[in-house]
**Q** 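My questions will all concern the structure given below.
So you know, we letter chains A, B, ... as the sequences are listed, proteins then strands, and number each from 1.
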Number of protein chains: 2
Amino acid sequence: MQKEHNLSKNQKIIFDLIDKSGGPMKAYSILFNVQKKGIKAPLQVYRALGKLVEIGKIHKIESRNAFIACQNSSCQVSKATAFSICESCENVSEISNSKLSKYLSNFSDNSGMKYSKYNLEFFGLCKKCKSK
Amino acid sequence: MQKEHNLSKNQKIIFDLIDKSGGPMKAYSILFNVQKKGIKAPLQVYRALGKLVEIGKIHKIESRNAFIACQNSSCQVSKATAFSICESCENVSEISNSKLSKYLSNFSDNSGMKYSKYNLEFFGLCKKCKSK
DNA sequence: TAACGTTATGTAATAATATAACATTTATAA
DNA sequence: TTATAAATGTTATATTATTACATAACGTTA
């Protein structure tokens, strides 16, 4: 269960935008979209993004430098994320598969390393793009 | 088994540098290091990096914007990569665990998506940093 | 409520990462 | 040898992200 966080003004504006978009958004596209709301500088966007990522309301899609609203209410606050990315239309969705997350959360090898977090990105073609 | 590729001059210079470094290197750090060899512009570096990634000689660590030599001779040419990253010392190593790669390569869900590639990054503390 | 510490905001400048566009050269193979 | 693809060189520019510093709002607790 996610802890309730009281988002600040900028955090709320930016979260709502990303959430409503339904897909990944890039920082400067966000900036462009919130300028009418008084958010004028990149840093204002990046600060809000940083906080939203920290509390698990959004995730960063590392391979795309983009941010997407968390679609998984039971997600362990960004400690365990998996995404599927269509390399043709760039559609992204969060994978919530308990077997997968259990498998990866429990993964360990003989490196002596203690894993506390992972991010997995799958690439391929989505249903639509496959049939083109 | 990896196909043999004849690296071009720039590709060889840049691969050798990354390989010898033993860890991840960032593009502009690479640029700085190869300037004495006549590679003067970012694009020359990025082009070589692009090709080296394409043929699987190096991998990009997406969360770090860095590039590391492939440490896994049997790796499926960058189609299936997994790394462990120490969040304290930033040491990165490639995970080659056949159970893991088999599990992920065969992963599928009911999204209708055909996955042809994945990248997994684990984060945590390495042995050394844990004991500090 | 006053004082304090923490979190968030505003603003300007700049750093770090990556690509576009175009001209030329080298390697490969038909 | 010719033509085709791959690689190179160069300049400029686009995109992504942070540093530094000043101020304001919020939450706690004395």
**Q** Could you tell me whether the side chain of Q11(A) and the main chain of S8(A) form a donor-acceptor pair under 3.5 Å?
**A** yes
**Q** Can you tell me if Q44(A) touches the phosphate of dT11(C), counting only side-chain N or O atoms and a distance under 4.0 Å to OP1 or OP2?
**A**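 Result: no.
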**Q** Measure up the F107(B) and F122(A) rings against each other and bin them: parallel (under 30°), tilted (30 to 60°), perpendicular (over 60°).
**A** parallel
**Q** Starting at atom CZ of R47(B), determine the distance to atom P of dT24(C), rounded to an integer number of angstrom.
**A**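 Between P of dT24(C) and CZ of R47(B): 15 Å.
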**Q** Please report, rounded to the nearest Å, how far the P atom of dT19(C) is from the CG atom of N65(A).
**A**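 Taking atom P of dT19(C) as the reference, CG of N65(A) is at 10 Å.
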**Q** Would you say dT7(C) has OP1 or OP2 under 4.0 Å from some side-chain N or O of S8(A)?
**A**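 Checking dT7(C) against S8(A), no side-chain N or O comes under 4.0 Å of OP1 or OP2.
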**Q** To the nearest angstrom, how far is K9(A) atom NZ from dT7(C) atom C1'?
**A** 14 Å
**Q** At their closest point, which heavy atom of K130(B) faces which heavy atom of L125(B), and how far apart are they?
**A** CG-CB, 4.1 Å
**Q** Looking at dG10(C), I'd like to know if its phosphate oxygens (OP1 or OP2) sit under 4.0 Å from a side-chain N or O belonging to N10(A).
**A** yes
**Q** Could you list where the contact with chain B starts and ends along DNA chain D, reading 5' to 3', using a 4.0 Å heavy-atom cut-off?
**A**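 Range of nucleotides touched by chain B: dA7(D) to dT11(D).
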**Q** Side chains of T81(A) and N72(A): closer than 4.5 Å at any heavy-atom pair?
**A**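 Side chain of T81(A) against side chain of N72(A), heavy atoms only: no contact under 4.5 Å found.
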**Q** Expressed as a whole number of angstroms, how long is the span from L49(B):CG to dT19(C):P?
**A** 10 Å
**Q** Does a nitrogen or oxygen in the side chain of N6(B) sit under 4.0 Å from OP1 or OP2 of dA27(C)?
**A** no
**Q** In terms of the nearest nucleotide of DNA chain D, which residue is placed more toward the 5' end: Q11(B) or F67(A)?
**A** Q11(B)
**Q** Set out, in order, the CA-CA distance, both residues' side-chain angles and the distance that settles ring pair (Phe, Tyr, Trp, His ring centres under 6.0 Å) for Y118(A) and F123(B), then state yes or no.
**A** CA-CA 6 Å; Y118(A) 69 80; F123(B) 306 91; 9.2 Å; no
**Q** Closest nucleotide of DNA chain C for P42(A) versus for A48(A): which of these residues is on the 5' side?
**A** A48(A)
**Q** Of Y46(A) and A41(B), whose closest DNA chain D nucleotide lies nearer the 5' terminus?
**A** A41(B)
**Q** Under the 3.5 angstrom rule, does the side chain of E121(A) hit a backbone N or O of S63(A) as a donor-acceptor pair?
**A** yes
**Q** Where along residues 15-34 of chain B does a heavy atom come under 4.0 Å from DNA chain D, residue by residue in number order?
**A** none
**Q** Round to the nearest Å and state the distance from I55(A) atom CD1 to dA8(C) atom C1'.
**A** 13 Å
**Q** Which pairs of donor and acceptor atoms, one on a side chain in residues 37-44 of chain A, lie under 3.5 Å apart (sequence neighbours left out)?
**A**
from, atom 1, to, atom 2, distance (Å)
Q44(A), OE1, K40(A), N, 2.8
Q44(A), OE1, A41(A), N, 2.9

**Q** Starting from P on dA8(C), measure out to NZ on K12(A) and report it in whole angstrom.
**A**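 After rounding, the gap between these two atoms is 15 Å.
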**Q** Sub-3.5 Å donor-acceptor pair from the side chain of S105(A) to the main-chain atoms of S101(A), do we have one?
**A**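 Here the side-chain-to-backbone pair exists.
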**Q** Can you measure L43(A) atom CG to dT7(C) atom P for me and round it to whole angstrom units?
**A** 17 Å
**Q** Group every Ile, Leu, Val, Met, Phe, Trp and Tyr by side-chain heavy-atom contacts under 4.5 Å, then state whether Y115(B) and L120(B) land in the same group.
**A**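 Cluster IDs for Y115(B) and L120(B) match.
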